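Quantities reported herein were computed from a predicted structural model and do not represent experimental measurements. Reminder, nothing fancy here: chain letters follow the sequence lines and each chain counts from 1. Note: hydrogens, waters and symmetry copies are ignored here, and every other heavy atom, side chains too, is used.
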Amino acid sequence: MTEWEKVIDDVAGVISKAVGTQVLSTELMTPPQDELGDLAFPCFSIAKEWKKNPSEIAFALAGKINHDLSAVGVIQSVKGEGPYLNILLKAGVLSSRILKNVEDRGPLFGQSDVGDGRELMLEYAQPNTHKELHVGHLRNLVLGLSLHRILTAIGWKVVPVSYHGDVGAHVAKCVWLLEEEGGLDAIPESYRTGKVLGEMYSRATTRLEERPELKDLVSEVQQKLEAGDPHLTALWEETRSWSIREMDEVFEELGVEIERRYFESEVTEPGNRIVDELVESGIATQSEGALIVDLEEKKLGVFLVRKSDGTSLYATKDLALAKLKFAEYPDIERSLHVVDTRQAYYFKQLFEVFTLMGFEKPLEFIGYDFVTLATGAMSSRKGNIVTYQDFRDEMLTHVLNETVKRHPDWDQDRIQKTAHTILLAGVKFGMLKQSREKMYTFDPVKTLSFEGETGPYVQYAVTRLASILQKASADASAPSNSDSISETELQLLDHPSEKQLVITIAKFPLIVKRAGENMEPAELAQWCIDMAHRVNGFYRDVKVLDAPKAERSAKLRLVASAQRVLLSGLYLLGIPAPKEM
RNA sequence: GCGGCCGUAGCUCAGCUGGAUAGAGCGCUUCCCUGCGAAGGAAGAGGUCGGACGUUCAAAUCGUCCCGGUCGCACCA
């Protein structure tokens with residue numbers, strides 16, 4: 001139980017005593033405005049029981065409780081306001097309980113043991129080789145990274161894995177055009193990058209749009225590749241490594257850490273064998289020349305597992321992939337897939353096929369809605385894809401300018417480091433702050449703005465706190481933390497803004513837990529905004545450095561705790577914070 | 001046609017699994033840096049929570065039915 005839950009429990013206990021029957025802590029709520037109180041107890045249900053007016057009950061309870069408030073309790077006073085019993089907490093008592101808890105737990109504050117150390121696999125990074133990396137992939141990477149960290153924080157042992165399409169039609173297109181344009185020799189050493197391949201892929205796509213008769217040539221390349229043609233295979237291996245290198249760079253920049261990378265090329269053969277088995281066991285049948293699994297009984301249509309030309313497809317490989325995962329990691333108790341929600345139906349079918357096969361493993365689909373542009377969805381056909389590289393470069397230039405503007409005296413290195421951190425916050429926070437089930441409309445102008453509810457806004461709150469701490473420690477007259485003072489000094493915190501800040505800190509562990517259980521980093525992002533808002537309110541109302549010695553020491557401890565917890569929140573979103581900005 | 005998701009201020013979204021006069025940010029109109037950092041703060045205008053029934057002391061929240069948008073429904077991944 002978190003300290004905040006204990007506080008609520010204590011309050012529920014006091015109310016229970018006054019009411020005469022057990023009042024659950026879940027019956028308490030937060031009033032809509034700070035001024036009303038810190039907690040509230042709606043009196044409707046007991047009013048119904050007692051057949052009395054809820055307002056009268058609230059008033060009566062308030063009188064009863066206020067009458068024998070013990071001096072040591074966390075409750076300052078209670079008040080009946082309409083049908084609600086509003087509870088005002090003692091800022092000092094509350095602060096000392098919560099902040100001591102934060103200080104004792106240190107970096108562990110916010111963590112819980114929901115997962116109980118059990119193992120869980122999280123598949124989330126699925127960019128293909130030989131294709132451009134675009135802002136759509138970004139949402140997946142950012143979401144996955146955050147889920148990785150949040151699930152770890154609530155006690156799961158997370159195995160993060162990625163899955164990449166390194167074979168198939170898109171690869172053939174790319175390799176085909178490369179051959180057309182003179183092969184490897186036509187590309188200078190320094191141009192051998194994933195980005196160039198992505199461009200080549202889109203060029204190939206447009207060319208095929210214009211001249212459909214070329215499709216046969218591409219399919220020829222694909223067949224040769226699958227047959228193991230030495231020349232083309234060498235070309236494939238070489239270009240594949242460019243893409244992988246590019247992914248390495250992007251992953252590194254974003255902080256994405258993957259324990260095991262799966263490739264389609266390694267599950268193609270095993271997948272085909274599984275399809276053979278499905279045919280033998282009668283689960284898969286012939287239909288229109290292809291092999292399908294009929295799922296009509298479950299109202300899931302038909303599931304294609306092999307094309308009529310005998311080649312494999314996504315489904316073929318996914319069958320083998322799931323088995324491979326559990327073979328390699330026999331201890332995993334859940335296997336999660338963070339995938340574009342447009343594939344929800346497909347995954348339902350896939351999971352159903354596993355059930356038919358008797359492969360009953362806890363597979364879960366974590367869908368998120370896709371990234372679109374204000375002008376419509378991105379597609380290679382429309383040629384309106386915003387690539388990761390272009391977007392990143394534009395953002396970085398912008399952030400660099402803004403940083404230079406604010407700090408003309410900084411050297412290059414300092415500017416670069418800070419700007420990069422802000423860049424990551426802007427991009428990631430923007431993608432995480434709304435729930436994953438909602439479409440993310442990518443607006444470059446808006447993404448460039450760092451005012452209001454943005455990642456940099458949260459970072460800014462952190463640096464303000466850091467600045468106070470830094471000035472305090474530089475100050476020679478900094479108070480020594482003698483134990484006798486530290487025991488009681490936190491009681492000196494009594495400003496409403498201090499209390500609100502403490503309450504927001506106190507809620508952090510619960511928020512993390514909920515975000516993890518709901519697989520929804522947005523809930524944590526919302527908390528970060530709330531926290532930053534409270535920090536700014538505190539900053540406005542409370543002067544730390546000018547305060548008398550004991551108060552100042554207490555306030556500094558609040559500042560330190562607030563900073564640490566807010567940093568933890570950002571960390572769980574995958575967002576670093578600068579020391580200064 | 002069937003199914004999933006969504007519909008809250010001009011725009012982008014919160015709303016803690018049913019509670020008080022529905023909240024932020026952006027944009028708009030004002031104001032605040034000799035102050036612990038203005039990437040900040042304060043104030044104002046702006047709403048029949050898509051619609052209708054129902055459950056309930058209480059519905060943006062739960063249920064049913066409509067309407068609108070979006071995505072998916074066999075040889076792409």
Side-chain angles (χ1 to χ4, degrees), chain A residues 29-33 36 40 42 44-45 47-48 54 81-84 86 126 128 131 165 168-170 264 287-292 299-315 317-318 339-346 348-349 367 369-370 372 377 399 402-403 405-407 422 425-426 430 433-435 437-441 443 445-446 449-461 463-472 507 510-511 514 518 522-523 525-527 529-530 532-533 535-537 539-547 555 559 580-581:
Chain A
M29 49 171 288
T30 321
Q33 273 101 35
L36 288 170
F44 302 105
S45 53
K48 200 176 174 189
E81 268 158 321
Y84 296 90
N86 288 328
Q126 301 109 336
N128 290 341
K131 251 188 175 178
H170 70 280
E264 281 190 21
S287 169
E288 298 175 25
L291 287 177
I292 61 148
K299 295 191 171 159
L300 286 170
V302 294
F303 189 62
L304 196 68
V305 291
R306 180 176 291 162
K307 297 195 269 186
S308 45
D309 66 357
T311 60
S312 65
L313 62 162
Y314 196 49
K317 296 151 195 164
D318 259 336
V339 185
D340 188 321
T341 190
R342 286 175 291 189
Q343 293 185 36
Y345 183 70
Y346 165 80
K348 246 186 207 161
Q349 293 182 314
D369 218 328
F370 66 108
T372 183
V399 184
E402 290 296 310
T403 311
K405 210 188 292 172
R406 277 167 245 258
H407 307 283
I422 297 171
K433 81 170 173 194
Q434 61 185 287
S435 55
E437 290 288 353
K438 268 181 181 147
M439 202 184 292
Y440 179 78
T441 305
D443 180 345
V445 179
K446 241 178 161 172
S449 161
F450 293 148
E451 282 168 17
E453 297 172 335
T454 64
Y457 170 79
V458 179
Q459 288 181 322
Y460 187 72
T463 58
R464 275 181 144 184
L465 296 174
S467 175
I468 296 175
L469 292 173
Q470 200 196 343
K471 288 222 161 80
K507 287 177 179 169
L510 284 174
I511 300 286
R514 238 185 50 215
N518 297 339
E523 292 177 11
Q526 293 295 335
W527 175 87
I529 291 173
D530 191 27
H533 176 68
V535 166
N536 285 327
Y539 189 90
R540 176 194 62 225
D541 295 335
V542 179
K543 300 299 168 206
V544 175
L545 297 178
D546 300 340
K555 291 181 199 310
V559 169
E580 49 188 2
M581 62 188 283

With distance as the sole test, does [X] use its side chain to make a donor-acceptor pair with the main-chain N or O of [Y] at under 3.5 Å?
| X | Y | result |
| --- | --- | --- |
| A/T454 | A/Y457 | yes |
| A/Q349 | A/L300 | yes |
| A/Q434 | A/A522 | no |
| A/Q526 | A/K433 | yes |
| A/N128 | A/G165 | yes |
| A/T403 | A/V399 | yes |
| A/H407 | A/M581 | yes |

Tabulate protein N/O versus nucleotide N/O from nucleotides 61-65 of chain B, keeping only pairs under 3.5 Å, one per line.
none

Nearest 0.5 Å, what's the CD-CD distance between A/Q470 and A/E580?
7.5 Å
Look up atom CD in A/Q343 and atom OH in A/Y314, then write down how far apart they are to the nearest 0.5 Å.
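That separation rounds to 5.0 Å.
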B/G18 to B/G10 separation - P atoms, rounded to the nearest Å:
29 Å
For atom P, what is the distance between B/U30 and B/C67, given to the nearest Å?
46 Å
Under 3.5 Å, N/O pairs linking protein and nucleotides 54-58 of chain B:
residue : atom : partner : partner atom : Å
B/C57   : OP1  : A/K48   : NZ           : 3.0

Rounded to whole Å, how long is the line connecting atom [atom1] of [X] with atom [atom2] of [N]?
| X | N | atom1 | atom2 | value |
| --- | --- | --- | --- | --- |
| A/L304 | B/G72 | CG | P | 18 Å |
| A/K446 | B/G25 | NZ | P | 13 Å |
| A/M439 | B/C11 | CE | P | 16 Å |
| A/M29 | B/A22 | CE | P | 14 Å |
| A/D530 | B/G25 | CG | C1' | 14 Å |
| A/D369 | B/G69 | CG | P | 17 Å |
| A/Y539 | B/A39 | OH | C1' | 13 Å |
| A/L510 | B/C16 | CG | P | 15 Å |

B/A14 phosphate, OP1 or OP2, under 4.0 Å from A/S435 side-chain N/O:
yes
Looking only at side-chain N and O atoms, does A/Q434 come under 4.0 Å of OP1 or OP2 in B/C13?
yes
Here's a test of your reading of the structure: between A/I529 and A/G165, which maps to the more 5' nucleotide of RNA chain B?
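So the residue in question is A/I529.
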Base, sugar-phosphate alone, or nothing: which one does [X] contact when heavy atoms must sit under 4.0 Å apart?
| X | result |
| --- | --- |
| A/A344 | nothing |
| A/A40 | base |
| A/F450 | base |

Candidates [options] - which lies nearest the side chain of [X]:
| X | options | result |
| --- | --- | --- |
| A/Y314 | B/C5, B/C26, B/A77 | B/A77 |
| A/Q343 | B/A77, B/C71, B/A14 | B/A77 |
| A/P31 | B/G40, B/A20, B/C71 | B/A20 |
| A/R406 | B/A39, B/A74, B/C73 | B/A39 |
| A/E453 | B/G72, B/A24, B/A74 | B/A24 |
| A/S287 | B/U70, B/C16, B/A74 | B/A74 |

Apply the syn/anti split at 90° from 0 to B/U17 and say which one it is.
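Syn, which is what one calls it when the glycosidic angle falls within 90° of 0.
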Assign B/C33 to syn or anti; the rule is syn for a glycosidic angle within 90° of 0 and anti otherwise.
syn
Please tabulate, one pair per line, each protein N/O and nucleotide N/O from nucleotides 41-50 of chain B that are separated by under 3.5 Å, including the distance.
residue : atom : partner : partner atom : Å
B/G41   : OP1  : A/Y457  : OH           : 2.9
B/G41   : OP1  : A/N536  : ND2          : 3.4
B/G41   : O3'  : A/R540  : NH1          : 2.9
B/A42   : OP1  : A/R540  : NH1          : 3.1

If B/G3 has a Watson-Crick or G-U wobble mate with both distances under 3.5 Å, name it; if not, just say none.
B/C71
